[in-house]
Amino acid sequence: MSKLKVVSIFGTRPEAIKMAPLIKALEKEKDFESKVCVTAQHRDMLDQVLRLFNIVTDYDLNIMKERQTLFQITTSVLTGLEEVFKKENPDLVLVHGDTTTTFVAALAAFYNKIKIGHVEAGLRSFNKWFPYPEEINRKLTGVLADLHFAPTPKAKTNLLKEGVSEDSIFITGNTVIDAMAYTIKKDYVFRDERLNKIDYENKKVIVITAHRRENWGKPLENICNALKDISLEYGNKVYIVYPVHMNPVVRETVFNILGGLDNVLLLEPLDTDEMHNLMARCYMVMTDSGGLQEEVPFLGKPVLVLRDVTERPEAVEAGTVKLVGTAYEKIYKEASILLKNKEEYDRMANAVNPYGDGKASFRIVQAIKYVFGLTGIKPEEYKSGG
Ligand code: UD1
Ligand code: UDP
């Protein structure tokens, strides 16, 4: 029997991190022919992940442009994939999450009548504009997909409410927890010497990331001004580490406001093993990222989310993640509470992990085999979560 040909398509850093364990799992299967196509919506930040996980690509559309628009990403991915599908004609295309690469790759597969598997399906903020354009990207991908790999029970419920057939949904856990099994090490030594030198015992180390499109401009200025005032108020008691996203729109604001402060370390994007091990050692995290909201609860650190709504409510309900929005006063106040109030800190610093058990990739592979008739055994659903 011929092998089942699966083409995994992704383009940005978070998609690559979360697809990496699945690609490794697919490569081990004798019944599959696994191909990887990157759009390179991100270039350097994608290549960092490909190197770390030793992923070899079969196709690289190399689309990234400086300050690219949504229109540019959409049209170049769509055009680029026409050739790839013509050549490969796969049995299944796998996409991940909610980026513009995700949606457009699903659309291109649909135009070619190729089956689509959506990894990390069913997350919803129920607000069209937050996160923008990701909420709609994920929803549209869900409309196009044939198989939905929902990370949590809540994500499955969201899909069922939208009329997705139950047979096509598999609760798998999130593959990011699989990725962390690969990156996090107890005796990890950083390649960046500056991270080895930080006094994690005696300073409250705050890790920051912020890049979202809807936060560009005033919201990101508020975030940076609040961080600046925290750094000035708490002096050598805190140390702020901010690996800055490569987007020039983000960098301008961040470097203007936070550059030159003694207790603020502005870094280039970190390799993911460096980032994960830094978060494992820090005091707390402040972020507008989606992925960090899943990773940090697993590490038992409080997370202040610099957004008004989230499509990842499970850890908010568990109490380790708090939505604080993007108003200066609120960010300053909530960060101060965690820096001063031990009781509140301890209440939030509980390791909870509603997002996975490290077996998500295994379940996704089993589900694909089941759907394509390569096994009669349906994978067991991932149970915990919201
Ligand atoms: C994209 C995704 C977002 C995801 C984020 C993860 C969309 C619309 N947005 O947003 O969902 O959360 O990635 O980080 O799909 N750049 C570089 N080098 C890189 C990467 C980016 O220089 O390796 C710069 C380029 O100037 C590029 C800009 O950043 O034009 C923006 O990249 P883009 O992918 O459009 O948006 P992100 O904000 O990264
Ligand atoms: N990350 C990284 N290096 C960094 C910052 C983040 O490897 O300098 C990782 C982080 O641990 C998480 C992912 O990148 O796994 C999150 O990506 P990002 O914030 O770009 O996108 P989002 O999750 O918001 O879509």
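Whatever order the structure lists them in is the order used to number ligands and atoms, beginning at 1.
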Return the closest protein heavy atom for [atom] as residue, atom name and distance.
atom                    : value
atom 4 (C) of ligand 2  : Arg13 NH1, 3.1 Å
atom 32 (O) of ligand 1 : Gln68 NE2, 3.4 Å
atom 23 (O) of ligand 2 : Gly291 N, 2.8 Å
atom 36 (O) of ligand 1 : Arg213 NH1, 3.3 Å
atom 11 (O) of ligand 2 : Glu295 OE1, 2.8 Å
atom 3 (N) of ligand 2  : Leu270 O, 2.7 Å
atom 5 (C) of ligand 1  : His211 CE1, 3.6 Å
atom 29 (O) of ligand 1 : Asn247 CA, 3.2 Å
atom 16 (C) of ligand 2 : Ser289 OG, 3.8 Å
atom 8 (C) of ligand 1  : Thr100 OG1, 3.2 Å
atom 9 (C) of ligand 2  : Ile17 CD1, 3.6 Å
atom 11 (O) of ligand 1 : Glu134 OE2, 2.4 Å
atom 34 (O) of ligand 1 : Gln41 NE2, 2.9 Å

Heavy-atom contacts with [X] under 4.0 Å: which atoms of ligand 1 show up? List them by number with element.
X      : result
Lys65  : 25 (C), 26 (O), 27 (C), 30 (O)
Arg43  : 19 (C), 23 (O)
Ile73  : 35 (O)
Asp44  : 18 (N), 19 (C), 23 (O)
Glu66  : 26 (O), 30 (O)
Leu70  : 8 (C)
Pro248 : 24 (C), 26 (O)
Arg212 : 11 (O), 12 (O)

Please indicate whether any nitrogen or oxygen in [X] is less than 3.5 Å from any nitrogen or oxygen in ligand 2.
X      : result
Pro14  : no
Thr272 : yes
His245 : no
Thr209 : no

Among side-chain atoms of [X] and [Y], is any donor-acceptor pair under 3.5 angstrom?
X      : Y      : result
Glu135 : Ser125 : yes
Asp199 : Asn202 : yes
Asn174 : Glu120 : yes
Ser361 : Asp178 : yes
Thr310 : Gln293 : yes
Thr101 : Gln41  : yes
Glu274 : Tyr188 : yes
Thr74  : Thr100 : no
Thr99  : Glu15  : yes
Asp229 : Tyr328 : yes

Open item on the list: Which residues pass the ring-ring contact (aromatic ring centres under 6.0 Å, His included) test with Trp129, not counting sequence neighbours?
Closed with: Tyr132
TODO: Go through the structure and list residues passing ring-ring contact (aromatic ring centres under 6.0 Å, His included) with Tyr239, not counting sequence neighbours.
DONE: none
Going by the atom numbers of ligand 2, which of them fall below 4.0 Å from some non-hydrogen atom of [X]?
X      : answer
Pro269 : 8 (O)
Leu292 : 10 (C), 11 (O), 12 (C)
His276 : 11 (O), 15 (O)
His211 : 18 (P), 19 (O), 20 (O), 21 (O), 22 (P), 24 (O)
Pro243 : 8 (O)

Would [X] count as being in polar contact with ligand 1, using the rule that some N or O on each side must be under 3.5 angstrom apart?
X      : value
Arg67  : yes
Thr12  : no
Thr101 : no
Met64  : no
His42  : yes

TODO: Apply the test side chain to side chain donor-acceptor pair (under 3.5 Å) to residues Asp98 and Asn137: give CA-CA distance (whole Å), side-chain angles for both, the deciding distance (0.1 Å), then the verdict.
DONE: CA-CA 5 Å; Asp98 62 3; Asn137 279 344; over 6 Å; no
Validation row: [X], [Y] side chains within 4.5 angstrom (heavy atoms):
X      : Y      : answer
Met286 : Met284 : yes
Leu220 : Val250 : yes
Glu314 : Lys154 : yes

Task: Distance-minimising heavy-atom pair for Ser231 and Leu261 - done: OG-CD1, 3.7 Å
Task: ligand 2 contacted by Arg212 (non-hydrogen, < 4.0 Å) - done: yes
Task: Lys/Arg N to Asp/Glu carboxylate O, Asp271 vs Arg191, below 4.0 Å - done: yes
